[in-house]
Chemist: 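Pasting a structure here, questions to come.
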2 protein chains.
Amino acid sequence: MTSARDRPTLEEVARRAGVSRATVSRVVNGSTTVAPPIQEAVRRAVRELGYVPNLAARTLVTQRTDSIALVLPETATRVFSDDPLFPGIVRGVSQELEAADRQLVLMMAGSAASHDRIERYAMGRHVDGVMFASMHGMDPLPGTLARIGMPAVCSGRPLAAGAAAAVPYVDIDHVTGVASAIQHLLDAGRQRIATIAGPQDMVAGIERLAGYRQALRGSRHRSIVAVGDFTRESGAIAMRQLLDDDPALDAVFVASDLMADGALRTLREAGRRVPDDVAVIGFDDAEFARYTDPPLTTIRQPIIDIGREMVRLLLKLAEGKPVEEALILPTHLVVRDSA
Amino acid sequence: MTSARDRPTLEEVARRAGVSRATVSRVVNGSTTVAPPIQEAVRRAVRELGYVPNLAARTLVTQRTDSIALVLPETATRVFSDDPLFPGIVRGVSQELEAADRQLVLMMAGSAASHDRIERYAMGRHVDGVMFASMHGMDPLPGTLARIGMPAVCSGRPLAAGAAAAVPYVDIDHVTGVASAIQHLLDAGRQRIATIAGPQDMVAGIERLAGYRQALRGSRHRSIVAVGDFTRESGAIAMRQLLDDDPALDAVFVASDLMADGALRTLREAGRRVPDDVAVIGFDDAEFARYTDPPLTTIRQPIIDIGREMVRLLLKLAEGKPVEEALILPTHLVVRDSA
DNA sequence: ATGAAAGCGCTAACAG
DNA sequence: CTGTTAGCGCTTTCAT
């Protein structure tokens, strides 16, 4: 087997083609200022030797790697669960990166050790920029990267301390989305509207709960809250708590479709008819939400666009251009049979 | 914002600590041959300056990156579908890489352009080794990488031309697994056993169909074949074809659980009872296969272990140690109500 | 135990 | 249009 070390370098290609290293470099990088016959000679030498540029060497001088990281602070199990968030973000990011001819480096960090490794990786400039999604708590990494000049962008407003270097982010209008859901329930004459909130260490969890509280504040309905962690199972459990809390509730806004699906199961087991006895509204407009029984009324968010916009912001940042601090995408209610 | 270029280098740390670059390098890399007081001085300088090693520079001299790529020649949509193969592989790979303190770089290549970019990325030595899973057709990339000395490992026997540099692989014993499924059906007295095969440009598709044919060859049952592409939808369609072909069939072996789920739907729509009228056996032992109606009898394969073993092989290869050419993991039948 | 010096392979001024 | 030259930031002998 050919060893790693005896691969041809620019130098050897140059010698073989009878030109200088610089000329070979020009040809390899597509400069047009090289005479056609020489170009041909160089290309032949490259082919014959099987030359491939050493990216580390190139990066050392150009200071760029042409690759971008997407960091998901979750375990692989979670990332590949049926939560529609991850595929959506990854698809949006992939599309846009493809167009920019940049390589996507997907990094999952479900543990402290892997989080550290990613920090070293990014700080070490293995990538030209870093995107974060599904962040928990007040992760200082985005701010740290921004501070040392590594372009960073978040999906969802970063919860990190205000003093931190500002990290641009893309998010959706949680509050307005939730407001329209609650309004829909109110219009239908629902009296006791509960909510199953998302985890309170994530922006999406916090904002959607805030939206619920704010929407109810106007009316004289009291709030009834249970908290889940965006998984289907937690939704089922939370629904049970809600039913214990207030057996007479007649509507529930659930902060994710996955949890809403779990809630549906609990309601079915409890003998409640949906939407006759209890109306249910989810959040995400996941594919499967059309096939639940009954199909879920839900709040649609443009997940793919979040991915795309993150890339746009990041590439701008990487070019040193100024970028808006936040980009808030709209949401809208999709009415189906469950409410 | 701090620009990328004015980050401190070893040189500056050295100056600040009043030592040479070499000494700083030793401390940063944990060499023990540095006097404690000097170590302390260096560490302080590193902290004060916020020094982070430039990985490209390090890579240039050490010829290693401490990161490993996992290439999935599929679109993001497919990778994040509910096919249990991907999460399983990624989990196994992650676990093992975590233990080895290597960074996983996950690369999806659903298009020709992205496949090319990955080729450049790997050939350019951005990573120390490359693992491939879910390969289609005769992708020459693994062989090419192996030939230039880049460690490469596949999940599933590579279909590429025999003359190619040998790429070690991890696979499962498809044929034996399928044989036990067919035997189970035969033992139950099934007379007309059909199959829904996987795509014939993938090893798993080819081998499982071969297993089916081989198993039937012994008996005097004729084979009835329809081909899908491992998606749920294709399973539903293939089942319809099968029913048209031979309305009297009383059993079907399906090459993946996802397709089996689709087949179940078609059978239900066609008014066939499972397993009374038609027995169904799937492949993969996906989580959801326990919750289908009826629960699927299926063939379990140790997917996570495939990921782990790929990493083991790769790390060995990267150390220049010899490795076995193939590692075949066992499968076994999990009997549930569908057969 | 520490420092000096020689590259790793490449790009980018700058001359010519 | 092409070659010369000077590094990019780091590790690693080899001396001391």
Side-chain angles (χ1 to χ4, degrees), chain A residues 3-43 45-46 49-66 120 123-126 128 148-150, chain B residues 3-43 45-46 49-66 120-121 123-126 128 148-149:
Chain A
S3 142
R5 304 206 70 106
D6 50 17
R7 281 179 42 189
T9 69
L10 257 200
E11 180 73 52
E12 293 161 51
V13 176
R15 223 174 8 238
R16 176 144 192 152
V19 298
S20 73
R21 289 204 319 257
T23 298
V24 177
S25 175
R26 289 187 185 105
V27 173
V28 168
N29 292 293
S31 165
T32 50
T33 69
V34 178
I38 299 206
Q39 281 198 32
E40 187 39 48
V42 170
R43 269 190 242 289
V46 164
L49 260 27
Y51 169 76
V52 181
N54 179 316
L55 266 21
R58 176 180 288 170
T59 294
L60 186 55
V61 34
T62 60
Q63 304 279 17
R64 52 200 308 246
T65 65
D66 287 333
R120 286 190 324 244
M123 302 264 283
R125 312 202 86 76
H126 248 318
D128 297 338
I148 64 167
M150 166 70 63
Chain B
S3 141
R5 305 206 68 107
D6 50 17
R7 282 180 40 191
T9 68
L10 257 200
E11 180 74 53
E12 293 161 53
V13 176
R15 223 174 8 238
R16 176 143 192 153
V19 298
S20 73
R21 289 205 318 256
T23 299
V24 177
S25 175
R26 290 187 184 105
V27 173
V28 169
N29 292 293
S31 164
T32 49
T33 67
V34 178
I38 298 207
Q39 281 197 33
E40 187 39 48
V42 170
R43 268 189 243 290
V46 164
L49 260 27
Y51 168 76
V52 181
N54 178 318
L55 265 22
R58 176 180 287 170
T59 295
L60 187 55
V61 33
T62 60
Q63 303 279 14
R64 52 199 309 247
T65 65
D66 287 333
R120 272 181 284 152
Y121 193 89
M123 302 265 281
R125 313 204 86 77
H126 249 318
D128 296 339
I148 65 167

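Numbers restart at 1 for each chain; the letters A, B, ... are given by sequence-line order, proteins then strands.
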Chemist: Could you state the CZ-P distance from R7(B) to dC8(D), rounded to the nearest angstrom?
Modeler: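 About 15 Å, once rounded to whole Å.
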Chemist: Starting at CZ of R64(A) and ending at P of dC10(C), how long is that distance when rounded to a whole Å?
Modeler: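 Whole-Å distance recorded here is 17 Å.
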Chemist: For the backbone of R64(B) and the side chain of T59(B), can you confirm whether one donor and one acceptor N or O come within less than 3.5 Å of each other?
Modeler: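 Flag set: sc T59(B) to bb R64(B) pair under 3.5 Å.
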Chemist: Which residue, V52(B) or R26(B), contacts DNA chain D at a nucleotide closer to its 5' end, judged by nearest heavy atom?
Modeler: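 Its nearest nucleotide lies further toward 5', so the answer is V52(B).
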Chemist: Just the rounded figure in Å: distance from C1' of dC8(C) to CG of L10(A).
Modeler: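 In whole Å, dC8(C) C1' and L10(A) CG are 13 Å from each other.
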Chemist: When you get a sec, tell me which of dT12(D), dA6(D), dG7(C) is the closest nucleotide to the side chain of R21(A)?
Modeler: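 It is dA6(D).
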Chemist: What is the distance, rounded to the nearest whole Å, between atom CG of D66(B) and atom P of dT11(D)?
Modeler: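 The answer, rounded to whole Å, is 12 Å.
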Chemist: Examine distances only and state if a side-chain atom of T23(A) and a backbone atom of V19(A) form a donor-acceptor pair shorter than 3.5 Å.
Modeler: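 Judged by distance alone, no pair lies under 3.5 Å.
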Chemist: Give a yes/no answer on whether the side chain of T23(A) brings an N or O atom under 4.0 Å of OP1 or OP2 in dG3(D).
Modeler: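 Yes, within the criterion.
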Chemist: Can you see which heavy atom on R125(B) is nearest to which on T65(B), and at what distance?
Modeler: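 Minimum heavy-atom separation between R125(B) and T65(B): O-CG2, 3.5 Å.
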Chemist: OP1 or OP2 of dG9(D) versus the side-chain N and O atoms of T9(B): is any pair under 4.0 Å?
Modeler: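 So the side-chain polar atoms of T9(B) never come under 4.0 Å of the phosphate oxygens OP1 or OP2 of dG9(D).
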Chemist: Round to the nearest Å and state the distance from N54(B) atom CG to dC8(C) atom P.
Modeler: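 About 18 Å, once rounded to whole Å.
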Chemist: May I ask you to decide if R58(A)'s main-chain N or O and T62(A)'s side chain share a donor-acceptor pair within less than 3.5 Å?
Modeler: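 It does hold such a pair.
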Chemist: With side-chain contact (heavy atoms from CB on, under 4.5 Å) as the criterion, how do T9(B) and N54(B) come out once you've worked through the C-alpha distance, each side chain's angles and the decisive distance to 0.1 Å?
Modeler: CA-CA 8 Å; T9(B) 68; N54(B) 178 318; over 6 Å; no
Chemist: Rounded off to whole Å, could you give me the CZ-to-P distance for the R58(A) and dG9(D) pair?
Modeler: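 From R58(A) CZ to dG9(D) P: 18 Å.
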Chemist: Which nucleotide sits closest to the side chain of A57(A): dG9(C), dG9(D), dT11(D)?
Modeler: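 So the side chain of A57(A) is nearest to dG9(C).
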Chemist: Between N29(A) and dT11(C), does any side-chain N or O lie under 4.0 Å from OP1 or OP2?
Modeler: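 Checking dT11(C) against N29(A), a side-chain N or O does come within under 4.0 Å of OP1 or OP2.
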Chemist: Separation of H126(A) atom NE2 from dC10(D) atom P, in whole Å?
Modeler: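 H126(A) atom NE2 is separated from dC10(D) atom P by 13 Å.
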Chemist: Hey, does I38(B) reach any base, or is it just sugar-phosphate, or nothing, if we go heavy atoms under 4.0 Å?
Modeler: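 The residue I38(B) makes sugar-phosphate contact but no base contact.
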Chemist: Ignoring the backbone of Y51(B), work out which of dC10(D), dT2(D), dG9(C) is nearest its side chain.
Modeler: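 Between dC10(D), dT2(D), dG9(C), the one nearest the side chain of Y51(B) would be dC10(D).
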Chemist: Choosing from dC8(C), dC8(D), dG3(D), which nucleotide comes nearest the side chain of L60(A)?
Modeler: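 Minimum distance to the L60(A) side chain belongs to dC8(D).
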Chemist: From the list dT2(C), dC1(D), dC10(D), which nucleotide is the closest neighbour of the side chain of A35(A)?
Modeler: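 Given the options dT2(C), dC1(D), dC10(D), the side chain of A35(A) is closest to dC1(D).
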Chemist: Is any side-chain N or O of Q63(A) closer than 4.0 Å to OP1 or OP2 of dG9(D)?
Modeler: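 So the side chain of Q63(A) is within the cut-off, an N or O lying under 4.0 Å from OP1 or OP2 of dG9(D).
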Chemist: Taking all non-hydrogen atoms of both residues into account, name the closest pair between M123(B) and R7(A) and its distance.
Modeler: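 Minimum heavy-atom contact is O-NH2, 2.9 Å.
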Chemist: From the set dT4(D), dC10(C), dT11(D), return the single nucleotide nearest to any side-chain atom of A22(A).
Modeler: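 When the side chain of A22(A) is considered, dT4(D) is the closest of dT4(D), dC10(C), dT11(D).
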Chemist: Can you check the E11(A) CD to dG7(C) P distance for me, whole Å?
Modeler: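 Nearest whole value for this atom pair: 13 Å.
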Chemist: Side chain of V61(A) only, heavy atoms from C-beta on: which candidate in dT2(D), dA12(C), dC8(C) is closest?
Modeler: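 Nearest to the side-chain atoms of V61(A), counting from C-beta on, is dA12(C).
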Chemist: Between T33(B) and dA1(C), is there a side-chain N or O to OP1/OP2 distance below 4.0 Å?
Modeler: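 The answer is no; no side-chain N or O of T33(B) sits under 4.0 Å from OP1 or OP2.
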